[in-house]
Amino acid sequence: MKLAVVNFPGSNCDMDLFYAIRDGIKQAVELVDYRATSLKGFDGVLIPGGFSYGDYLRSGAIAVHAPIVKEIIRFANEGKIVLGICNGFQILTELGLLPGALIQNEKSRFICETVDLEVENNQTIFTSHYQPKEVIKVPVAHGEGRYYCDEATLQELKENRQIIFKYKENINGSVDQIAGIANKEKNVLGMMPHPERAIEEILGSDDGLKLFQSLINPEVKVND
Amino acid sequence: MTEPTAEQIKTEKIYQQWGLTDEEYDLISEKILHRLPNYTEAGLYSVMWSEHCSYKNSKKVLRKMPNHSDRVLAGPGEDAGILDIGDNQAVVFKAESHNHPSAVEPYQGAATGVGGIIRDIFSMGAQPIALMNSLKFGPLKDGKTKHLVNEVVAGIGGYGNCIGLPTIGGEISFEDCYEHNPLVNAMCIGLLNSTDFKHGTASGDKNLIVYVGAKTGRDGIHGATFASDEFTDTKNKQRSAVQVGNPFIEKLLMDACVEIIEQHSNWILGIQDMGAAGLVSSTAEMASKAGSGLKLNLDRVPQRETGMTAYEMMLSESQERMVLCVKPEFIDDVLNFFRHFELDAVVIGEVTNDKQYRIYHHDELVTDIPVDSLTEDVPEYDRIEKQPQRMIDDKDFHFEPTISSLKETWLDMLKRPNIASKKYFYQTYDSQVKANTLVRPGSDSGVVRIRGTKKAIAVTNDSNSKYVYLNPFVGGQIAVMEAARNIVASGGLPIGITDCLNYGNPEDPEAFYELDKSVEGIASACEIIDTPVISGNVSLYNEYNEVAIYPSPMVGMVGLIDDFKKVTTSDFKHGQDLIYVLGQTADDFNGSEIQMAQMKKLKGDLRPLDLNQEKLHQDLIRQAINQGLLKSCHDLSEGGLAVALSESAFGNDLGFEIETKLTSKQMFSETQSRFLVTVAPKDQMAFENLVQRDFELLGFVSSQNIFKITTADATVQINGQAAKSNWKEAIACLMK
């Protein structure tokens, strides 16, 4: 498997994600410049955290005009792996590849903390290595991570089992404690927490590793 | 508006508003130039000769600091100091104060403090790996101070989080003397993956001077002069002197500079950050160090505003700008390289061999002065010093706390802002980006591993200014040793320090005594534990209406951990582990937090610090950690044993049961050279045989969340959760 990590100006978790793939699950991975126009040869694309374009205007709002974005959309439509973490999640909602929006945390402050997440749906290519309702420890670090959507969208997310991760304790005021959602087809995942920071026990948790392992071993079927 | 003529500057003494004295002005016009300096030239001298840039008041004192060891590759004089850590790797670090800007415009003042210190690190060719900070404010009583604290913390987080560097620790304290003059000191640590590094020099006739980064605006003009002056009620309209930061541009600049030095080292002869006194300071220093001259053409400088004069451009402190010296044959490569990162990069001048500093603007020669006169000819002052009267008057005063209820005093101490958890602040800093952070804020040191190796770097910032106020010499020693204990407790070997020396007006003999004596204290402690002072800065004139802050040297210490498995934290780990205190406890209450709590002021002298015993205890702890004997280790500091025990129990919601020969008062004594450690029962003999003396077995960790202490005169038991909520909620409560 070969994965692309897209590097926008201002991305700052690109290398963390790169190492998670290279050292954590030992798969091929390359950094791809935002000016590139092709993702040919890759099996999936990962959009890292950070402050693309300094978060000017609105988180993720400028990144959606970068040349590489057409290819991200193509991957999403072709059912290939698309994973956006933190600022990557914000970019995916800006693009409309995922519903809803990420707005300023309820208490208007940046939060960096390792939090408990509950795996809401373990029957996806991103989560098949987790147990149903497994509680995992994953760091968050964001100022605009409060997931918001209207009631109708929330119902739809629930019906289609698109809610993938929830916070055990609602740290930022997200609707329904949502920490991560997928598209209907479940090939596009956006999440605020940083699984790439939780792949070694010495960093405080290795619970994020299973997410990346699920990607390379999607045939593993889970008991629900 | 037309600029004053050279004649007007002299007769109207305009130079005085810029901080130059009559004697200094005469020296420039009569001895150096043999003519009157024009407006631009006088401006250049005034910033370059400010204390902030020239250290003219503090140089003699700073020479007392040791700056050599087997590890030192570069010391003071470069943008940052460098220490060899083996395997062809080196750590680069420096701390800098941004006190004055933060007092006026707290968000931008703090943010640009972080931005500036990061540039000092990557200008050495190092990859920045972590940030730290040390903050001091007035008490959290009124809205004004709370606003200041919130904005400073937000500025630090806003910059560090955006650029993507983890803030792995620091300290925040609150005392009355900082109410109008807060201290904001930031530190950056970088890693050099080779022991080759770039000097900040501009050498070789006809080599080109390249400007890279953000455009120049009118922000920060005379920032260095402003930082070398005091605050008063009437002198507070200096807002235009504060710079505005853009961490997004700095991220591009950092990535570009690190990459170009790593991959194309031969293209670049020298590189320097444009920090205080911007363009003039960076270019003049680069030329002067290389024994060269420079010709600059200001028409080429990327400008954010129109109609800027030479004076404004040269003195601007616009952020996120670097100067490079490049060989002509590589100039296209260099310019294209930076343009790929979407950064402005232009040739603004060239190196000459006549040691003159020449600036052209609109085809006119606006400055023509000897380059060394800006950097080398600054007068050095020998200031008069006098022992502060309080030290003489209060020499024999010994504070004794009154403990009517050990339980109440204990719970109250945990709530004091200087002791309570600072998580409310540090959780707004991204401490984990880069996925290398092994110990996050809240323990004795922050620790990051060096990816691909077994090594890790421990960092701490310490400055207990209360001790320095009571006895500058001993206080200076304590600042270093407390930092060292924090490093040692984390499993590290202290290898060097950087410092920010925050003091009052050096022209006041008592303030100068504080500076001089505390530097002597710092120097003597550094000698004993072989931690050279490899970088730092001086911030004088921290006064408000002629009342100075406590003398506040901030020690930023770096430690090397050869194997990250040795990383030790302050949290108790398991029930039944044995709790020891290493080091004797005496009645040391002068300068303590309990003195402030009960007496509401500081008074008395400090006992001399036994440096040899201090070093012995640090060595014993390092040996115990190396032998795998310690489950937890915590430096004893503010609030003494009672506070340290509680803090160690909070992390994993454990409890403890101890019985000690100490009195209840002594539970709050702040005797130096002590550590609180836990040891697995099976290792009891091994540990006791190792340390041999000066320890007391206090009791054991309990898996129940109950804190039980029996002292020589009382027995108390408190609920762990109740204690924790006092400690954990206090700051958030005060900030409401």
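Just so it is clear: chains get the letters A, B, ... in the order the sequence lines come, proteins before strands, and each one is counted from 1.
Distance CZ/B:Arg451 to CG/A:Asp16: 6.5 Å, rounded to 0.5 Å. To the nearest 0.5 Å, atoms OG1 (A:Thr114) and CZ (B:Arg440) are separated by 4.5 Å. A:Leu203 CG to B:Leu438 CG: the interatomic distance, rounded to the nearest 0.5 Å, is 6.5 Å.
With a threshold of 4.5 angstrom between heavy atoms, B:Leu252 approaches chain A through side-chain atoms but not through N, CA, C or O. With a 4.5 Å cut-off on non-hydrogen atoms, A:Ser11 touches chain B through its backbone but not through its side chain. Interface residue B:Ser431: backbone and side-chain heavy atoms are both found under 4.5 Å from chain A. With a threshold of 4.5 angstrom between heavy atoms, A:Asp55 does not approach chain B through any atom at all. Heavy atoms of A:Glu200 lying under 4.5 Å from chain B belong exclusively to its side chain. With a threshold of 4.5 angstrom between heavy atoms, B:Tyr426 does not approach chain A through any atom at all.
Annotation: side chain of A:Arg197 is not in contact with side chain of B:Thr437 (no heavy-atom distance under 4.5 Å). Inter-residue side-chain proximity for A:Cys112 and B:Tyr429 is flagged as unmet; no heavy-atom pair is nearer than 4.5 Å. Proximity of B:Phe248 to A:Tyr53: side-chain heavy atoms (C-beta onward) are separated by under 4.5 Å at one or more points. Residues B:Val433 and A:His194 form no side-chain contact, since every pair of their non-hydrogen atoms from C-beta on lies 4.5 Å or further apart.
For A:Glu169, the CD atom sits in a loose shell: 12 or fewer heavy atoms of surrounding residues, nucleotides or ligands are nearer than 6.0 Å. For A:Lys80, the NZ atom sits in a packed shell: over 12 heavy atoms of surrounding residues, nucleotides or ligands are nearer than 6.0 Å. At most 12 non-hydrogen atoms from other residues, nucleotides or ligands lie less than 6.0 angstrom from NZ of B:Lys728. Counted within 6.0 Å of NZ on A:Lys70, heavy atoms from surrounding residues, nucleotides or ligands total 12 or fewer; the atom is thus considered open.
Residues of residues 34-49 of chain A having a heavy atom under 4.5 Å from any heavy atom of chain B, listed by number: A:Tyr34, A:Arg35. Of residues 154-166 of chain B, those residues lying under 4.5 Å from chain A by any heavy-atom pair are B:Asn161, B:Cys162, B:Ile163, B:Gly164.
The ring-ring contact (aromatic ring centres under 6.0 Å, His included) check on B:His264 picks up B:Trp267, B:Phe337, with sequence neighbours excluded.
Counting heavy-atom pairs under 4.5 Å between each of B:Lys251, B:His340, B:Glu342, B:Lys565 and chain A puts B:His340 at the top.
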Q) Can you list the steps and then say if A:Ile202 with B:Arg449 is a side-chain contact (heavy atoms from CB on, under 4.5 Å)? A) CA-CA 10 Å; A:Ile202 59 159; B:Arg449 58 119 177 245; 3.7 Å; yes
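The stretch residues 96-113 of chain A participates, sequence neighbours left out, in these side chain to side chain donor-acceptor pair (under 3.5 Å) pairs: A:Glu113-B:Lys423.
Side-chain contact check for A:Tyr56 and B:Asn246: at least one donor-acceptor pair (N or O, by modelled atom type) lies under 3.5 Å.
Remark: side-chain polar atoms of B:Asp430 are not paired, donor with acceptor, to backbone N or O of A:Ala141 under 3.5 angstrom.
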